[in-house]
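Here the structure comes first, spelled out in structure tokens, and everything after it is commentary.
Being a predicted model, the structure only gives us computed values, none of them experimental.
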Amino acid sequence: MSNADIANLAPGIYYDMPYSDYHQIIAFRSSELREAAKSLLHYKRYVEQRREPSYALDFGKAFHVTLEKNPTEIIKAGPTKTAYTQKWLKAMEAEPETVFIQESDIEMVRAMQRGVLAHEVGNNLYHGAEHDEVVIVWVCAETGVRLKCRIDALTCETAAVDWKTTGALKLRALKYAIRDYGYDIQMAMIRDGLHAHKLSHRREFYNCFVEKTEHLPDVAVYEFEIAELNQATARYRQAIRDIEEARRTDYWPGICPSTFKSEEYGEDYVAGFGEGAA
């Protein structure tokens with residue numbers, strides 16, 4: 001397909017699509033709407049700011065590749081992990097479907113894979129995966145805009161799985177991280193994309209958090225509740241409407257245009273803020 005064909009890809013479900021092609025599809029994705037749900041200023045900064053290659057993102061991508069049954073990318077020990085070195089950037093340009101990470105980190109992502117296999121639920125989700133890196137494009141029935149999502153894994157039965165890397169696992173902190181980082185919005189879009197294509201039998205939705213450590217990484221699997229995803233759907237659809245209004249008025253307010261007080265969030269929220277997944 002030409003770049004124009006990919007950019008205007010028809011609504012549907014696509015398998016084994018390289019990330020470089022997914023990135024070209026013209027549609028809202030969860031990373032944009034997660035920012036808009038924080039504030040319109042966050043969204044505007046996200047779409048206007050040039051995002052340089054990131055070693056942290058490539059490490060996470062390498063971990064995802066280890067969990068794919070039919071990966072579209074490969075992992076290699078490559079140039080220095082310094083994110084902006086010419087040598088690293090040239091290697092990425094020469095082999096766009098290769099994820100370059102340090103040799104020592106290759107062992108870490110393999111240890112993290114072993115951690116998933118040692119975890120009862122994680123192991124079941126891994127071995128139950130029928131498809132990896134599934135791309136969905138659809139039109140939102142309520143807002144009329146094009147949306148897209150990329151699912152880490154669909155199991156043979158009813159589940160959708162998104163793998164996450166994290167620092168030291170703290171369940172209390174993860175609960176807030178899911179909301180703070182917009183993982184609920186990301187999963188709600190996955191749910192809605194599947195249902196838009198008549199796959200409503202997908203009723204189980206999981207974030208699987210894996211510690212970034214070479215020695216005995218711990219794993220925690222979070223199962224989303226339907227009510228939680230319904231709320232997240234309402235939030236991202238409101239974010240779409242807010243973006244359209246901001247484009248009309250050119251008013252892009254930040255996260256707190258006036259003032260705020262800690263008691264508005266409660267002690268549990270304040271205590272948990274800032275901890276959790278990376």
Problem set entry | Qualifying residues under side chain to side chain contact (heavy atoms under 4.5 Å, CB included), relative to Asn123, sequence neighbours excluded | Leu117, His127
Problem set entry | Contacts of Gln238 that satisfy side chain to side chain donor-acceptor pair (under 3.5 Å) - sequence neighbours left out | Arg241, Asp242
Exercise. Quick one: are His64 and Lys61 in side-chain contact, heavy atoms under 4.5 Å?
Worked result: no
Problem set entry | All pairs passing side-chain hydrogen bond (donor to acceptor under 3.5 Å, both in side chains) where residues 128-139 contributes a residue, at least two apart | Glu133-Arg150
Exercise. Does any pair with a residue in residues 106-122 pass salt bridge (Lys or Arg N to Asp or Glu O under 4.0 Å), and if so which ones, sequence neighbours excluded?
Worked result: Glu107-Arg114
Exercise. Would you find a donor on one side and an acceptor on the other, under 3.5 Å apart, between the side chain of His119 and the backbone of Gly115?
Worked result: no
Problem set entry | From Arg191, Glu225, Arg235, residue fulfilling side chain to side chain donor-acceptor pair (under 3.5 Å) relative to Asn230 | Arg191
Exercise. Roughly how far apart are Lys164 NZ and Gln186 CD, rounded to 0.5 Å?
Worked result: 3.5 Å
Exercise. Is His197 close to Pro11 at the side-chain level, that is, under 4.5 Å between some pair of heavy atoms?
Worked result: yes
Exercise. How long is the span from the CD1 atom in Ile136 to the NE2 atom in His195, to the nearest 0.5 Å?
Worked result: 9.5 Å
For this session: Identify the heavy atoms of Leu9 and Met17 that sit nearest to each other, and give their distance.
Result: CD2-CE, 3.6 Å
Exercise. Any side-chain heavy-atom pair from Thr66 and Met112 closer than 4.5 angstrom?
Worked result: no
Problem set entry | Nearest atoms (heavy-atom pairs only) where Glu214 meets Ser104 | OE1-O, 4.0 Å
Exercise. Nearest heavy-atom pair of Leu229 and Ala188: which atoms, and what distance?
Worked result: O-CB, 3.6 Å
Exercise. Would Ile185 end up clustered with Leu41 when hydrophobic side chains under 4.5 Å apart are linked, directly or stepwise?
Worked result: no
Problem set entry | Short side-chain to backbone donor-acceptor contact, Glu204 and Thr158, under 3.5 Å | no
Problem set entry | Side chain to side chain, Glu95 and Phe100, heavy atoms closer than 4.5 Å | yes
Exercise. What are the two closest non-hydrogen atoms of Tyr126 and Val116, and how far apart are they?
Worked result: CB-CG1, 4.2 Å
For this session: Taking the side chain as every heavy atom from C-beta outward, state whether Ile101 and Ile106 have any pair of such atoms under 4.5 Å apart.
Result: yes
Seminar exercise, completed: Of all heavy-atom pairs linking Phe63 and Gln113, the shortest is CE1-N, 4.0 Å
Quick one: side chains of residues 215-224, donor-acceptor pairs under 3.5 Å with protein atoms, not counting sequence neighbours, listed by atom name and distance.
| from | atom 1 | to | atom 2 | distance (Å) |
| --- | --- | --- | --- | --- |
| Tyr222 | OH | Glu228 | OE1 | 3.0 |
| Tyr222 | OH | Glu228 | OE2 | 2.8 |

Exercise. So if you build clusters from Ile, Leu, Val, Met, Phe, Trp, Tyr with side-chain heavy-atom gaps below 4.5 Å, do Ile26 and Tyr43 land together?
Worked result: no
For this session: Please step through side chain to side chain contact (heavy atoms under 4.5 Å, CB included) for the pair Thr143 and Phe28, ending with a clear verdict.
Result: CA-CA 12 Å; Thr143 64; Phe28 276 120; over 6 Å; no
Exercise. From Asp192 CG over to Tyr236 OH, what is the distance, rounded to the nearest 0.5 angstrom?
Worked result: 3.5 Å
Problem set entry | More than 12 heavy atoms from other groups under 6.0 Å of CG on Leu171 | no
Exercise. Between Tyr183 and Arg34, is any pair of side-chain heavy atoms under 4.5 Å apart?
Worked result: yes
Exercise. Would Leu174 and Leu169 satisfy side chain to side chain contact (heavy atoms under 4.5 Å, CB included), going step by step from the backbone distance to the final call?
Worked result: CA-CA 8 Å; Leu174 283 180; Leu169 277 176; 3.4 Å; yes
For this session: Determine, for Glu244 against Arg247, whether the closest basic-nitrogen to carboxylate-oxygen distance falls under 4.0 angstrom.
Result: no
For this session: Nearest 0.5 Å please: distance from the NE2 atom of His42 over to the CH2 atom of Trp252.
Result: 14.0 Å
Exercise. What is the distance from atom CE of Met189 to atom CG of Leu33, rounded to the nearest 0.5 Å?
Worked result: 5.0 Å
Problem set entry | Exercise: do Tyr14 and Asp21 side chains pair donor with acceptor under 3.5 Å | no
Exercise. Is the shortest heavy-atom distance from the side chain of His23 to the side chain of Arg29 under 4.5 Å?
Worked result: yes
Exercise. To the nearest 0.5 Å, how far apart are CD1 in Ile190 and CG in Asp152?
Worked result: 7.0 Å
Exercise. Can you name the residues that form a side chain to side chain donor-acceptor pair (under 3.5 Å) with Asn207, not counting sequence neighbours?
Worked result: none
Exercise. Does the pair Leu67 and Val161 meet the rule for a side chain to side chain contact (heavy atoms under 4.5 Å, CB included), with working shown?
Worked result: CA-CA 11 Å; Leu67 295 173; Val161 185; over 6 Å; no
Exercise. Is Tyr181 reachable from Val47 through a run of I, L, V, M, F, W or Y residues, each pair having side-chain heavy atoms under 4.5 Å apart?
Worked result: yes
Exercise. At their closest point, which heavy atom of Ala36 faces which heavy atom of Ile243, and how far apart are they?
Worked result: CB-CD1, 3.7 Å
Exercise. Would you say Lys148's side chain and Ile25's backbone share a donor-acceptor pair under 3.5 angstrom?
Worked result: yes
Exercise. Can Arg248 and Glu245 be said to form a side chain to side chain contact (heavy atoms under 4.5 Å, CB included), step by step?
Worked result: CA-CA 5 Å; Arg248 187 182 65 81; Glu245 176 66 13; 2.5 Å; yes
